Amino acid sequence: MISNKQLQKLAARHGTPIFVVDHDEIRRNYGQFKKHLPRVQAYYAVKAEPLPEIVKTLYDAGASFDVASMPEFRIVYENIKRMPAKERQAWIWDKIIYANPIKADETLRDLDPYKPLVTYDNQEEIRKIKRCAPHAGLALRIRVPNTGAMVELSSKFGAAPGEAVDLILAAVKEGLVVEGLSFHVGSQTTNFENFVQAINLAADIFKEARDRGYGRMNLVDLGGGFPAPYDESVKPFSVLAGKINAEIDRLFPKDIEILAEPGRFMIATAATSVVKIQGKAVRDGKVCYYVDDGVYHTYSGIIFDHCHYHMKAFRKGREQICGVFGPTCDALDVISMSENLPADLELGELLYSPNIGAYSHASSTYFNGFPPAKVVHVNR
Ligand SMILES: *Cc1c(COP(=O)(O)O)cnc(C)c1O
């Protein structure tokens, strides 16, 4: 990890706010994923943090990618372009899955020449794919329990298990090829039974499809949801991996390809935000710090990701409950109403938040004229 001294040096050199990305930590997370889930190919979910430098580091480490828009596709394709032309096509499924179940006509037309692997979960999408991307391979996204996930994803996407095989056969009838199944157990899933249940559901659907005459499915995509160790309540990744390995080995023969789409797991612990105190007031007896980054920027995950980040000071002092607010004029721009911080911090002093890599800087805006934090890469 980056030391506090290094963070302060970087803030002195680059100014604040900064979003410090540690590429050694990204490689470490990828290594942990591969070590504990050796049968699973990791498709990094680019939306968690789409910086091209991060995509390149993961590409070089051997990762594949889950994209959900053409701009995300192009960020990944920049790396694939380095391959000789002949190998590119053979590689595309190994390297990219287009995992947005709903796609615009134009997107499908743009994707079709690449013969992509795409997800779908409804009848209209089958017709659209047939019309606009007949060379695509398909993975059916099924709805699975999201119990206890920090971010629930099952109300927006996923075919009900009961209609899954109908949707597989409907696509096949249109002349399309269904390669397998995908699901998402919900982001930051600390209830590991979600994975167990989802894998079992997928195995049931494989069997029903075979019984009804379709035996060509050869991949299972476990989606995302692998939790980042934000606090001690998150059980070790090795425990989750043990459960997943046991289920996939029990239920799927060796020639069935298993992939997953970890976003948060790869990047959450790999970035730290450093901010500067630029205002201070005491309101209703509480010390309030006003800093130069907030919920319209790096701390956007407080709103969109239901995530809480800790604010830490670089020096000790008599701690009390303080408020920390972002720079915009919106009263929503609150980082924390109750953070344990030294009460005697002065204007110009720095605060930092570790483990802020996922769904944070990725959804920064320019609201109120404040630009996103400057990105600083270390250990590239
Ligand atoms: C967002 C998303 C992911 C990544 O989820 P994490 O919880 O960050 O691992 C994976 N797959 C799909 C389809 C997604 O929408």
Side-chain angles (χ1 to χ4, degrees), residues 26 29-30 32-34 36-37 40-51 54-55 58 63-69 71-73 75-76 95-103 107 116-122 125 138-159 179-192 194-195 198-199 202 219-230 234 237 240-241 244 258-271 300-301 304-307 355-363:
I26 296 171
N29 288 341
Y30 179 75
Q32 284 295 305
F33 196 91
K34 288 307 290 178
H36 292 291
L37 294 170
V40 181
Q41 176 64 2
Y43 285 61
Y44 170 61
V46 172
K47 79 169 183 291
E49 179 47 72
L51 290 164
I54 291 173
V55 168
L58 281 165
S64 303
F65 299 88
D66 153 11
V67 303
S69 66
E72 286 187 358
F73 179 89
I75 290 168
V76 178
K95 282 290 156 191
I96 299 186
I97 179 169
Y98 195 99
N100 191 335
I102 309 288
K103 297 156 286 298
T107 303
L117 180 61
V118 304
T119 62
Y120 78 109
D121 67 3
N122 68 83
E125 201 71 12
L138 276 61
L140 178 71
R141 167 98 169 244
I142 55 169
R143 188 158 75 218
V144 297
N146 274 206
T147 317
M150 187 168 82
V151 186
E152 186 269 347
L153 289 166
S154 60
S155 54
K156 184 164 174 181
F157 296 122
E179 297 287 336
L181 299 177
S182 81
F183 54 75
H184 199 303
V185 297
S187 200
Q188 186 69 9
T189 279
T190 48
N191 171 21
F192 297 164
N194 283 358
F195 278 100
I199 294 167
L219 68 87
V220 181
D221 176 355
L222 310 178
F226 305 91
Y230 290 125
V234 179
F237 183 64
L240 172 58
I244 290 175
I258 313 287
L259 36 129
E261 302 164 348
R264 184 188 306 279
F265 181 85
M266 292 294 169
I267 196 67
T269 58
S300 59
F304 296 125
D305 195 34
H306 316 277
C307 195
N355 302 330
I356 197 168
Y359 306 109
S360 55
H361 176 267
S363 30

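Keep in mind that this is a model prediction, so the values were computed, not measured. Atoms within a ligand are numbered from 1 in the order they appear, just like the ligands themselves.
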Worksheet entry | Pairing residues for N29 by the side chain to side chain donor-acceptor pair (under 3.5 Å) criterion, not counting sequence neighbours | T269
Worksheet, complete the sentence: In ligand 1, the atoms that come under 4.0 Å of a heavy atom of A99 are 13 (C)
Discussion item. I'd like to check which ligand 1 atoms, numbered from 1 as shown, lie under 4.0 Å from a non-hydrogen atom of R141.
Written reply: 13 (C)
Worksheet item: When rounded to the nearest 0.5 angstrom, what is the spacing between CD1 in I102 and CG in N122?
Response: 5.0 Å
Worksheet, complete the sentence: When rounded to the nearest 0.5 Å, the distance separating NZ of K103 from OH of Y98 is 7.5 Å
Worksheet entry | Subset of ligand 1 atoms that lie under 4.0 Å from at least one heavy atom of G263 | 4 (C), 6 (P), 8 (O), 9 (O)
Worksheet entry | Distance-only N or O hit between ligand 1 and A45, under 3.5 Å | no
Worksheet item: So, E152 side chain and G186 main chain: donor-acceptor pair closer than 3.5 Å or not?
Response: no
Worksheet item: Side chain, backbone, both or neither: which part of F265 comes within less than 4.0 Å of ligand 1 when only heavy atoms are counted?
Response: neither
Fill in: Option whose closest heavy atom lies nearest to atom 2 (C) of ligand 1, chosen from E261, K156, K47
K47
Discussion item. Looking only at distances, can you tell me whether any N or O atom of G223, backbone or side chain, sits closer than 3.5 Å to an N or O atom of ligand 1?
Written reply: no
Fill in: Side chain, backbone, both or neither: L153 near ligand 1, heavy atoms under 4.0 Å
neither
Response to the item:
If you scan protein heavy atoms around atom 7 (O) of ligand 1, the nearest is S187 OG, 2.4 Å
Worksheet, complete the sentence: Scanning both residues in full, the closest heavy-atom pair of R141 with A99 reads NH1-O, 4.3 Å
Worksheet item: If you look at every heavy atom in G224 and V185, which pair is closest and at what distance?
Response: O-CG2, 3.8 Å
Worksheet item: Does F157 come within less than 4.0 angstrom of ligand 1, counting non-hydrogen atoms of the residue?
Response: no
Item to complete: Apply salt bridge (Lys or Arg N to Asp or Glu O under 4.0 Å) to D305 and list each qualifying residue two or more places apart in sequence or on a separate chain.
Response: R264
Worksheet item: Does any N or O in the side chain of D66 come within less than 3.5 Å of the main-chain N or O of E261, such that one atom is a donor and the other an acceptor?
Response: no
Fill in: Interatomic distance, D121 atom CG to L140 atom CG [nearest 0.5 angstrom]
7.0 Å
Worksheet item: If hydrogens are left out, which of H184, M266, R264 has an atom nearest to atom 5 (O) of ligand 1, that is, the closest non-hydrogen atom?
Response: H184
Worksheet item: Would P262 count as a contact of ligand 1 if the rule is a heavy atom under 4.0 Å away?
Response: yes
Discussion item. Give me the residue, atom name and distance of the protein heavy atom closest to atom 8 (O) of ligand 1.
Written reply: Y359 OH, 2.5 Å
